[in-house]
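Notes for the one structure printed next.
Residue numbers run from 1 in the order of the sequence given.
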Amino acid sequence: MDFELKRAREKLEKEQKERKEKAKLRLERERKAKQDALRQQEAIEAAQRQRRIVAAEAEAKADQLAEENLLAGRGVKFSRILEAMPYQGSGDKIKLPPSCFTELSDEGAFDKGPLHFSLSLIHQEGGPLSAESADKERLRTTHAGVLEFTAEEGFVALPLHCWSNLFPADAPSSATVEVRYVWLPKGTYAKLQSVEYGFSYIPNHKAVLETSLRQHATLSQGDTLTVNHGALTYHLRVLELKPSPNISVLETDMEVDIIGPDSAVTTNEYVLKPLVFGKPESGTVDEGRYMYYKFSLDDDTWKRISSEDAKIVVNLDSQTQDGDTDLYVSRHPLLFPTLHQHMWSSHDMGSKALILGAEDQNLGSGTYTVAVYGFKGTSNYTVSVTVQEAPKHKPGQNAASSSSVAEVDTVECRNCRRYVPSRTIGLHEAYCSRHNIICPHAGCGVVLRIEERESHVHCEKCSKAFQRAEMEKHMKVFHEPLHCPCGVVLEKEEMVQHQSSNCPMRLITCRFCGDMVEAGTSAADARDRIRGLTEHESLCGSRTAPCDSCGRSVMLKDMDIHQIAVHQKN
């Protein structure tokens with residue numbers, strides 16, 4: 001009996017203990033559930049607070065950006081995200097879709113003056129980008145004016161200047177650009193650095209830069225400006241601008257400083273090495289390449305030359321047997337003479353020399369360029385420029401010698417046609433007929449040794465006489481068809497004449513801007529053609545300037561007529 005009571009009690013205690021443990025576990029689970037719910041609620045509230053903070057910051061940033069944009073646009077709020085596409089154009093004028101014209105007109109942007117826009121790269125499709133590259137891509141920005149509103153909706157057409165500054169590496173397959181209206185102050189100062197050597201060699205190179213900037217509306221610090229000068233292209237980095245990093249260059253006078261390239265930049269062939277009179281310079285030139293030198297003729301030296309007391313001699317000695325060179329000389333502003341464009345040239349085999357004197361109308365005080373051209377193979381050469389005294393003839397010397405000849409009894413040789421004394425004519429003709437022969441070519445008449453007649457030949461096209469070894473070079477240089485960039489095909493002498501007086505791509509000095517520019521075709525206006533203005537001068541002269549006498553705005557090409565007709569100035 002006691003045993004059963006004991007078992008019943010133990011069973012009861014066991015059940016009570018299990019119930020207590022279950023109750024304890026239930027309470028623990030409820031407590032943990034409450035804690036989890038509380039933590040979850042706190043996390044939700046924290047996330048909501050963070051979202052509210054981020055939204056508030058984004059709203060504040062958007063308001064600040066909108067305020068900055070409104071301030072930058074002087075009350076005009078305009079921003080579009082468009083897909084970029086390139087077009088072949090000079091300067092920095094972009095093309096926008098017609099809807100932008102309507103929006104800008106509604107904002108009153110056309111009443112604020114010239115339109116300027118900030119171009120910011122938003123996204124570029126291409127290869128994978130690192131985080132650093134992506135950050136740099138988002139920061140890439142330049143500025144531009146507007147050319148016209150004819151682009152397709154959703155696109156913005158960028159000229160080469162804007163395209164190359166937004167995408168300095170390989171061209172992307174697709175890119176998105178933010179176009180935002182901004183107001184830019186007029187520039188007062190610009191510091192530029194030439195990437196290539198030789199830009200400072202251009203005569204009046206700041207006028208060349210000014211002409212190039214006429215196609216631009218803006219400049220941005222960090223951009224690269226491309227300047228074309230004839231067949232040459234130079235790149236200028238924009239290092240510093242005032243009064244702001246982004247400026248307008250429309251209708252403003254700026255102070256410009258241009259510094260040379262870094263020493264680490266590799267030089268190109270368009271470098272003018274200085275030549276000192278009487279000091280030879282040596283070098284090596286490859287076939288089809290040029291090496292350029294320059295020398296200056298001061299006023300004192302020119303006085304000696306103009307008075308026929310001295311001459312300029314340009315010597316070129318080649319030390320390579322298998323190679324050959326040509327010599328070209330030009331006077332500035334023709335900066336880099338070539339096979340097509342030059343003033344003086346020498347194509348003799350081996351060593352060659354150019355003698356320039358007062359009888360040459362193109363000679364005068366100034367700077368000259370000497371070009372050594374590699375005609376064949378790789379040649380070692382030595383080039384020099386000297387001032388040589390002209391030989392002086394004593395008065396009456398020529399007259400005395402001619403009179404002495406006249407007094408002698410002479411007879412014409414039937415073979416060589418030379419006059420020899422009559423007492424020796426028989427002996428002379430016997431010797432001359434055995435050893436000499438006259439060139440039978442019409443107009444030549446050169447007396448040759450019989451053993452030399454095989455090497456004496458005449459060109460079939462121009463009838464000039466040469467040694468047989470020189471004929472191949474003569475035909476290649478003077479009679480091989482040359483292709484002018486304007487499309488004309490001519491031989492050398494005709495090509496030189498064409499490119500100096502007729503070619504629309506020849507460089508001329510504009511009488512209005514002073515720059516070396518391409519002449520272009522004939523002026524479109526009949527009056528300008530009568531005045532002898534080229535296509536460039538007709539357009540350049542259409543710019544207006546205030547008259548010094550009355551202050552009226554007059555076109556530059558009409559200024560002389562205005563001075564005569566209105567102010568009676570001759």
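- The cationic atom of Lys294 (NZ for Lys, CZ for Arg) does not lie both less than 6.0 Å from the six-membered ring centre of Tyr368 and within 45° of the ring axis.
- Results of the side-chain contact (heavy atoms from CB on, under 4.5 Å) test with Thr369 over Met343, His332, Arg331 single out His332 as the only residue that passes.
- Here the closest non-hydrogen pair linking Thr367 and Ser296 is OG1-OG, 3.5 Å.
- Aromatic ring orientation, Tyr431 versus His435: parallel (interplanar angle below 30°, classes split at 30° and 60°).
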Going through the checks in order, is the side chain to side chain contact (heavy atoms under 4.5 Å, CB included) test met by Lys557 and Phe512? CA-CA 8 Å; Lys557 60 185 178 183; Phe512 302 113; 3.6 Å; yes
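- Atom CD of Glu429 and atom CZ of Arg418 lie 13.0 Å apart (nearest 0.5 Å).
- No side-chain heavy atom of Ile305 sits under 4.5 Å from any side-chain heavy atom of Lys311.
- Looking at Thr218 and Val249, their side chains never come closer than 4.5 Å, going by heavy atoms from C-beta outward.
- The neighbour count for Asp298 CG, taken as heavy atoms of other residues, nucleotides or ligands under 6.0 Å away, is above 12.
- We find that Arg531 and Glu537 are not joined by a salt bridge, their nearest charged nitrogen and carboxylate oxygen being 4.0 Å or further apart.
- The nearest pair of heavy atoms linking Ala371 to Tyr292 is CB-CE2, 3.4 Å.
- By the 6.0 Å contact criterion, CZ on Arg543 is enclosed, its count of non-hydrogen atoms from other residues, nucleotides or ligands being greater than 12.
- The shortest non-hydrogen separation linking His428 to Cys416 is NE2-SG, 3.5 Å.
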Applying side chain to side chain contact (heavy atoms under 4.5 Å, CB included), run through Cys162 and Lys93 and close with a yes or a no. CA-CA 8 Å; Cys162 299; Lys93 308 293 180 62; over 6 Å; no
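- Using a 30° and 60° split on the angle between ring planes, His458 and His441 fall in the parallel class, below 30°.
- The CG atom of Leu213 lies 9.0 Å from the CG atom of Leu236; values are rounded to the nearest 0.5 Å.
- Atom-to-atom distance recorded for Thr382:OG1 and Asn380:CG is 8.5 Å, nearest 0.5 angstrom.
- Contact check for Leu316 versus Thr325: side-chain heavy atoms found under the 4.5 Å cut-off.
- In this structure, the separation between CG on Leu327 and NE2 on His342 is 10.0 Å, given to the nearest 0.5 Å.
- Within 6.0 Å of CD in Glu494 there are more than 12 heavy atoms belonging to other residues, nucleotides or ligands.
- Ion pairing of Glu148 with Lys95 is present here, as a side-chain N (NZ or NE/NH1/NH2) and a carboxylate O approach within less than 4.0 Å.
- With rounding to the nearest 0.5 Å, the separation of CG in Asp528 from OG in Ser542 is 6.5 Å.
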For Tyr87 and Leu147, run side chain to side chain contact (heavy atoms under 4.5 Å, CB included): C-alpha distance rounded to whole Å, both residues' side-chain angles, the deciding distance at 0.1 Å, then the answer. CA-CA 12 Å; Tyr87 81 92; Leu147 179 65; 3.7 Å; yes
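- The aromatic ring centroids of His567 and His562 lie less than 6.0 Å from each other.
- Under the 4.5 Å side-chain criterion, counting only non-hydrogen atoms from C-beta, Phe199 is not in contact with Leu192.
- More than 12 heavy atoms of other shown residues, nucleotides or ligands fall within 6.0 angstrom of atom CD in Glu451.
- Just one of Ile355, Leu297, Val329 meets the side-chain contact (heavy atoms from CB on, under 4.5 Å) condition when paired with Ile312; it is Leu297.
- A donor-acceptor distance shorter than 3.5 angstrom exists from the side chain of Arg434 to the backbone of Ala430, with no hydrogens or angles considered.
- Formation of a donor-acceptor pair under 3.5 Å by the Thr338 side chain with backbone atoms of Gln341 is found in this model.
- Between the Asp360 side chain and the Leu356 main chain, no donor and acceptor come within less than 3.5 Å of each other.
- In this structure, Tyr290 has its ring center at least 6.0 angstrom away from the ring center of Phe336.
- Here Ser346 contributes atom OG and Tyr328 contributes atom OH; the two are 9.5 Å apart, rounded to the nearest 0.5 Å.
- With respect to His235, the side-chain contact (heavy atoms from CB on, under 4.5 Å) criterion is satisfied by exactly one of Leu225, Thr224, Val227: Thr224.
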Please step through side-chain hydrogen bond (donor to acceptor under 3.5 Å, both in side chains) for the pair Asn165 and Thr142, ending with a clear verdict. CA-CA 7 Å; Asn165 283 292; Thr142 187; 5.0 Å; no
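- In this structure, Asp92 and Ala144 approach most closely via the heavy-atom pair O-CB, 3.0 Å.
- In this structure, the side chain of Asn415 engages the main chain of Cys432 through a donor-acceptor pair within 3.5 Å.
- If you look at His347 and Phe375, their ring centroids are not closer than 6.0 Å.
- Listed for the Gln568 side chain is a donor-acceptor partner under 3.5 Å among the backbone atoms of Ala565.
- At least one donor-acceptor pair closer than 3.5 Å links the side chain of Ser379 to the backbone N or O of Asp324.
- Within the 4.5 Å cutoff, no side-chain heavy atoms of Met85 are placed close to those of Leu158.
- Proximity of Asn315 to Ser384: side-chain heavy atoms (C-beta onward) are separated by under 4.5 Å at one or more points.
- Between Val285 and Thr378, the closest side-chain pair of non-hydrogen atoms is not below 4.5 Å.
- At most 12 heavy atoms of other shown residues, nucleotides or ligands fall within 6.0 angstrom of atom CZ in Arg527.
- Heavy-atom contacts from other residues, nucleotides or ligands closer than 6.0 Å to OH of Tyr419 number 12 or fewer.
- Listed for the Glu287 side chain is a donor-acceptor partner under 3.5 Å among the backbone atoms of Gly377.
- By the 4.0 Å N-to-carboxylate-O rule, Glu281 lies too far from Lys273 to be salt-bridged with it.
- With a 4.5 Å cut-off on side-chain heavy atoms, Cys444 and His456 count as touching.
- Looking at Arg529 and Glu535, no side-chain N of the basic residue comes within less than 4.0 Å of a carboxylate O on the acidic one, giving no salt bridge.
- When all heavy atoms of Ser365 and Trp302 are compared, the pair lying nearest together is N-CG, 3.9 Å.
- Proximity of a side-chain donor or acceptor of Ser164 to a complementary backbone N or O of Leu160 within less than 3.5 Å is detected.
- Across all their heavy atoms, Ser538 and Ala523 have their closest contact at CB-CB, 3.7 Å.
- In this structure, Lys352 contributes its side chain and Asp348 its backbone to a donor-acceptor pair below 3.5 Å.
- In the displayed structure, Asp253 atom CG is contacted under 6.0 Å by at most 12 heavy atoms of other residues, nucleotides or ligands.
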Going through the checks in order, is the side chain to side chain contact (heavy atoms under 4.5 Å, CB included) test met by Arg511 and Cys540? CA-CA 9 Å; Arg511 67 186 75 180; Cys540 187; over 6 Å; no
